[in-house]
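Here the structure comes first, spelled out in structure tokens, and everything after it is commentary.
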Amino acid sequence: MSSAIYYSFILFSGLVAAQQKCDTYTVPNVAGGFRSRQFIDFSTAKAGQDAQQLLSNNGLVISDWDVSDGPIAHTFTPKNVALVDGAVALRVSAYPGTGNSIGAEFVTTAEFKYASVRTVQKSSNVPGVCEGNFFFKNDYAEIDFEILTSSISNDTECVPAGIWATTQPLAPGETKKSEIYPFTFDPRADFHEYRIDWTPGLTQFYIDGKKMGNITENIPTVSGPWMWNAWSNGDPCWSAGPPTKESTTLIRSIEIIKDYSTTVTGNVCPK
Ligand SMILES: *[C@@H]1O[C@H](CO)[C@@H](O)[C@H](O)[C@H]1NC(C)=O
Ligand SMILES: *[C@@H]1O[C@H](CO)[C@@H](O)[C@H](O)[C@H]1NC(C)=O
């Protein structure tokens, strides 16, 4: 083969490979696979662009509601979700000493059952905030990966340090199951990928592609949306706070691999 023909052959096969559709995305330690993948990229966002528009183009809706549990009621307010250069910011306002604590949240419009959801996030350096990345259908179908900015590296009186992995009870009277993974890095210093692989009977938790642990209790079996938020309710044994300075949590990208199948067929893309 002449080199010109050889190179055009390589180019042509590359083009075909790039365009080939994935029928199944496989994930390590997951039996079966997933049929669809969505990548939401905030890395090219610019400060001041319309967050509502960009999120809605990607199937995400910004929350606007009040939550009244805990010592201080809190509110999820659309204006506390904003685009900055290279990320979407979830803000918790500096608490003025009275009224609700004001936080931020967005949610997928799609509801799904089983997924591998990967959030590339940089934590706030302001104490007193809970940063959540979670599946939530209702109080009896919830899987959480949560960072508490008051207990990132040091225990508080009633909160051991680390990132919290939790499955909430599936019925009233049952108990939730939590694991706490100590940080081996400072999550406020840079972006890291926090991943939940939710499959039948098993939830596995990863950071930067490294498996931290798994939970087999309370695994939801219903479809629901995924949520990302930052908030404070002043509970000394959870979020602590509310923060006295404005807190900013940054999310650079979100990958949602869903439509679970027990069988692996067609063109397979390992993820
Ligand atoms: C956290 O604990 C370390 C020692 O383990 C200490 O050096 C550091 O000052 C503590 N940080 C805070 C914010 O208390
Ligand atoms: C879940 O983690 C435990 C250790 O905590 C391990 O023994 C078990 O093999 C894991 N299960 C799965 C399905 O990964």
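Counting starts at 1 for both ligands and their atoms, following the listed order. Positions are given from 1, in the same order as the sequence printed here.
- The side-chain heavy atoms of S124 and T248, taken from C-beta on, include no pair separated by under 4.5 Å.
- Look at K137 and E111 and you find a salt bridge, because one of the NZ, NE, NH1 or NH2 atoms lies within 4.0 Å of a carboxylate O, short of that distance.
- Side-chain atoms of S239 and W231 form no donor-acceptor pair, as typed in the model, at a separation below 3.5 Å.
- The minimum heavy-atom distance between K245 and V126, with the atom names listed, is O-CG1, 3.6 Å.
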Could you list, one pair per line, each nitrogen or oxygen of ligand 2 together with any protein nitrogen or oxygen closer than 3.5 Å, giving atom names and the distance rounded to 0.1 Å?
from, atom 1, to, atom 2, distance (Å)
ligand 2, 2 (O), N214, OD1, 3.4
ligand 2, 2 (O), N214, ND2, 2.2
ligand 2, 11 (N), N214, ND2, 3.2
ligand 2, 14 (O), K211, NZ, 2.9
ligand 2, 14 (O), N214, ND2, 3.4

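- For D235 (side chain) and A240 (main-chain N/O), no donor-acceptor pair under 3.5 Å exists by modelled atom type.
- Listed by chain and number, the residues in a salt bridge (Lys or Arg N to Asp or Glu O under 4.0 Å) with E179 amount to none (sequence neighbours excluded).
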